[in-house]
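Everything on this sheet refers to the single structure shown next.
Order of the sequence lines fixes the chain letters, A, B, ..., with proteins taken first and strands second; residue numbering starts at 1 for each chain.
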2 protein chains.
Amino acid sequence: MSAVPTPSSDAIDPSDALVADVFARNCDSRAALETVGGKWSILALLALVEGDYRFNALRRRVEGVSEKMLAQTLHALERDGLVQREVVTVIPARVEYSLTTLGAEIAERLRGLTELLEGSIDHITAARAAYDARRG
Amino acid sequence: MSAVPTPSSDAIDPSDALVADVFARNCDSRAALETVGGKWSILALLALVEGDYRFNALRRRVEGVSEKMLAQTLHALERDGLVQREVVTVIPARVEYSLTTLGAEIAERLRGLTELLEGSIDHITAARAAYDARRG
DNA sequence: CGGAATCCAGAAGGATACTG
DNA sequence: CAGTATCCTTCTGGATTCCG
């Protein structure tokens with residue numbers, strides 16, 4: 001391999017001044033990546049691609065998530081501007097969650113990734129079984 | 001938004017037979033997604049796009065990862081068939097890590113996602129600051 | 001219904017030391 | 001160099017309860 005612009009030299013795409021390397025310890029990009037990459041964040045974003053959701057509907061959609069974790073996840077996503085939260089003050093309360101423009105872009109990539117994963121699931125499962133057979 | 005087959009009614013897109021839903025609790029896809037989405041997995045895969053790496057070189061590239069976590073991460077990725085581990089029995093020992101074909105495909109998507117995130121970092125940071133200003 | 005707060009078990013993860 | 005093993009700390013995350 002090593003078909004790359006020499007990782008040692010910093011020949012990153014010159015048209016894009018912003019390097020903001022995710023490999024750096026205290027990089028904002030890495031923090032953002034962790035927000036998105038979280039166990040439940042991906043599923044929440046993926047669900048919201050289907051359309052808006054209310055809290056408990058989303059909770060039902062994302063099987064296995066606890067109230068606490070969903071709330072926490074949605075807060076983080078809202079904070080980073082990926083999800084919009086709209087409160088309708090009626091009784092009983094009603095809160096709609098939807099993707100922002102940025103959130104939709106990101107979710108789209110995640111969908112691509114997920115589809116690739118789903119399509120490769122047989123391959124992955126086989127590799128896993130083979131590995132476990134070799135070891136323990 | 002809501003440009004989708006009505007989430008409230010359960011009219012899942014009939015044109016797309018493959019659901020194999022990541023939303024299901026015990027879905028293999030979800031497990032695979034978690035392997036890939038892990039905090040260090042993304043960074044390891046991203047690094048390996050640049051070329052092969054040896055253990056300690058990779059450790060240096062992915063700032064902040066501990067020996068334990070890197071080893072653990074690489075094991076998981078190898079197990080799922082995303083990373084190949086090649087041992088060269090010399091002294092001192094030498095082990096090369098590289099992406100498999102599947103690993104490369106996945107890493108490519110991750111790179112797209114990361115670049116989008118890096119490009120949006122200003123937006124995200126601003127949203128975050130605004131949110132924190134409103135709340136605590 | 002939406003969600004904040006508390007409590008607590010268990011998993012994640014880091015530092016260190018030791019082996020091949 | 002490339003790990004494994006051990007210990008110990010931190011934090012995730014579930015269950016429960018209460019409030020708007």
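Residue R85(B) places at least one side-chain N or O under 4.0 Å from the OP1 or OP2 atom of dG3(D). Side-chain N/O atoms of N56(A) include none lying less than 4.0 angstrom from OP1 or OP2 on dC1(C). Using a 4.0 Å cut-off, some side-chain N or O of Y97(A) falls inside it from OP1 or OP2 of dG3(C). Regarding contacts with the backbone of dG3(C), every side-chain N or O of H75(A) stays at 4.0 angstrom or more from both OP1 and OP2. Side-chain nitrogen and oxygen atoms of R54(B) include none within less than 4.0 Å of the OP1 or OP2 phosphate oxygen of dC1(D).
If A93(B) and A93(A) are placed on DNA chain C by their nearest nucleotide, the residue sitting closer to the 5' end is A93(A). Closest-nucleotide positions on DNA chain D for S66(A) and R94(B) were compared, and the one nearer the 5' end corresponds to R94(B).
A distance of 6.5 Å separates CG in L74(A) from CZ in F55(A), rounded to the nearest 0.5 Å.
Per the geometry, NZ belonging to K39(B) stands 19 Å off P belonging to dA11(C), to the nearest Å. Rounded to an integer number of Å, the gap from L70(A) CG to dT12(D) P is 16 Å. Atom NZ of K68(B) and atom C1' of dC18(C) are 16 Å apart (whole Å). In this entry the distance linking CE of M69(B) with P of dA15(C) reads 11 Å, nearest Å. The interatomic distance linking E67(B) (CD) with dT6(D) (P) rounds to 16 Å, in whole Å. Across the protein-nucleic acid pair, R59(B) atom CZ and dC1(D) atom C1' stand 12 Å apart, rounded to whole Å. Rounded to an integer number of Å, the gap from R60(A) CZ to dG2(C) P is 8 Å. Remark: C1' of dG3(C) and CD of E96(A) are 16 Å apart, rounded to the nearest angstrom.
Residues E115(B) and R111(B) are paired through a salt bridge, judged by an N-O separation under 4.0 Å between the basic side chain and the carboxylate.
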Would V36(A) and L110(A) count as a side chain to side chain contact (heavy atoms under 4.5 Å, CB included) if you check the C-alpha gap in whole Å, the side-chain angles of each, and the deciding distance to 0.1 Å? CA-CA 9 Å; V36(A) 174; L110(A) 289 176; 4.0 Å; yes
Side chain to side chain contact (heavy atoms under 4.5 Å, CB included), that's the test. Do Y97(B) and V83(B) meet it? Break it down for me. CA-CA 7 Å; Y97(B) 290 93; V83(B) 160; 3.9 Å; yes
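Of the options L58(A), L43(A), N56(A), a side chain to side chain contact (heavy atoms under 4.5 Å, CB included) to L70(A) is made by L58(A) and by none of the others.
Listed nucleotides: dT4(D), dA2(D), dC1(C). Nearest to the side chain of P92(A): dC1(C).
A71(A) comes within 4.0 angstrom of nothing in the nucleic acid, heavy atoms only.
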